[in-house]
Amino acid sequence: AKSMGKGRFEIFHKDFHNLAVNAMEMESSLRKALEEKSFPVWFQPIVDMQTGRVAGCEALVRWQQADGTMISPADFIPMAEETGLIVPLGKLVLEKAIAAATTWPCTRQTPYLAVNVSAPQFEEPDFADMVADCLTTNGFPAKRLHIEITESLLFSRSERAMATLQRLQRLGISIAIDDFGTGYANLAYLRDFSLQQIKIDKSFVAGLPDQPECMEIVRSVMELSSCMGFSVVAEGIETEAQKKILQDFSCSLGQGYLFSRPLPEQKLLSYFR
Ligand code: C2E
Ligand code: CA
Ligand code: CA
Ligand code: CA
């Protein structure tokens with residue numbers, strides 16, 4: 001450690017200082033953006049691969065900058081989670097997404113709406129009430145709402161999260177496990193929850209059909225799901241070859257650039273037509 005010398009430490013120290021300053025700047029611009037509600041919600045279709053019909057749409061938030069450019073949620077959701085700003089931000093996304101989905105053209109099977117919810121949001125004591133209020137305000141049927149949570153939230157088994165989970169499901173809302181397969185090797189915990197859907201993480205889909213481990217994981221997830229009665233969405237489908245393999249594995253729902261990128265509301269409406 002001595003050989004690293006004093007100079008090295010100072011460089012590290014300076015970088016660290018810059019990081020901290022940037023984090024503070026980012027937090028205050030996030031706050032400001034929340035007041036101005038400059039968070040458009042985009043939608044990515046989830047497709048029934050057999051029929052090509054849009055089965056559902058996932059709401060994906062963007063951060064719109066003054067010059068019109070969009071920042072990806074991957075770059076600000078972690079900061080929003082750390083600062084607690086995810087709670088008002090998540091509420092804004094849910095309200096916007098439900099309001100938009102209420103206007104989608106009515107068909108025999110109008111697409112469902114999937115909304116991402118972070119652990120700190122889900123742990124808020126009044127989260128389920130907030131969701132219920134939002135459904136009532138818009139006259140949006142609970143059956144058409146999916147809430148996407150991550151494995152780690154279930155794994156923690158916090159009392160509050162478990163109560164919220166039950167409450168949402170009693171309302172008729174479906175719970176989907178996002179990024180499935182990335183968190184835990186032991187899947188036994190799934191037995192303890194009655195879930196409606198799992199979403200196979202795109203890192204596994206990306207390895208189809210060439211990587212035997214990915215083939216094996218997808219095959220076993222499909223087997224597990226048919227035993228346990230979950231529906232399955234494969235995420236991140238980019239090629240016809242991936243689509244074909246997934247269909248061979250009896251996976252019927254797919255999401256990815258092969259079908260559509262996330263779209264602003266107006267473009268989504270043209271995609272429906
Ligand atoms: P996610 O929930 O796993 O969402 C899917 C991400 O994969 C989206 O990135 C989507 O644009 C991207 N994607 C879709 N199809 C493809 C494909 O074929 N190839 C590749 N390479 N990527 C594809 P996005 O929109 O940048 O969102 C990133 C993450 O940010 C989301 O991952 C989700 O975890 C989080 N996020 C987005 N919106 C919200 C939100 O409203 N609330 C919360 N808590 N998190 C959100
Ligand atoms: Ca998601
Ligand atoms: Ca995902
Ligand atoms: Ca994710």
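Computed from heavy atoms alone, side chains included, the values below leave out hydrogens, waters and symmetry copies. Start at 1 and go down the list; that is how both ligands and their atoms are numbered.
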Proximal ligand 1 atoms for [X], defined as those under 4.0 Å from one of its heavy atoms:
| X | value |
| --- | --- |
| I77 | 43 (C), 45 (N), 46 (C) |
| E58 | 2 (O), 4 (O) |
| E238 | 17 (C), 18 (O), 19 (N), 20 (C), 21 (N) |
| D179 | 3 (O) |
| S72 | 26 (O) |
| S118 | 44 (N) |
| P73 | 24 (P), 25 (O), 26 (O), 27 (O), 28 (C), 30 (O), 36 (N), 37 (C) |
| V61 | 38 (N), 39 (C), 40 (C), 41 (O) |

Hey, is D201 touching ligand 1 through its side chain, its backbone, both or neither, going by heavy atoms under 4.0 Å? neither
With heavy atoms under 4.0 Å as the rule, classify the contact between Q255 and ligand 1 as side chain, backbone, both or neither.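 Neither; no heavy atom under 4.0 Å.
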When clusters are formed by joining ILVMFWY residues with side-chain heavy atoms under 4.5 Å apart, either directly or through shared neighbours, do W42 and V233 land in the same one?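 Not linked; separate clusters.
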Do I46 and I245 sit in the same hydrophobic cluster, where Ile, Leu, Val, Met, Phe, Trp and Tyr count as joined when their side-chain heavy atoms come under 4.5 Å apart? no
Ion pair present between [X] and [Y], side-chain N to carboxylate O less than 4.0 angstrom?
| X | Y | answer |
| --- | --- | --- |
| E240 | K244 | no |
| E35 | K32 | no |
| E27 | R31 | yes |

Measuring from non-hydrogen atoms of [X] to any atom of ligand 1, is the shortest distance under 4.0 Å?
| X | value |
| --- | --- |
| E235 | yes |
| K199 | no |
| E81 | no |
| P262 | yes |
| K202 | yes |

Do [X] and [Y] come close enough that some side-chain heavy atom pair is under 4.5 Å?
| X | Y | result |
| --- | --- | --- |
| V131 | V117 | no |
| F259 | V54 | no |
| Q44 | Q255 | yes |
| R219 | E216 | yes |
| F193 | R157 | yes |
| R62 | P73 | yes |

So T150 and S152, side chain to side chain donor-acceptor pair (under 3.5 Å) or not? Walk me through it. CA-CA 5 Å; T150 54; S152 56; 3.2 Å; yes
Contact check: D178 to the Ca ion (ligand 3), N/O/S below 3.0 Å: yes
Hey, does Q44 come in under 3.5 Å of ligand 1, counting only N/O atoms on both sides?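 Yes.
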What is the name of the N/O/S atom of D179 that is nearest to the Ca ion (ligand 3)?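 Nearest N/O/S atom of D179: OD1.
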Before moving on, can you tell me the angle at the Ca ion (ligand 2) between the OE2 atom of E58 and the OE1 atom of E148, to the nearest 10 degrees?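 It rounds to 90°.
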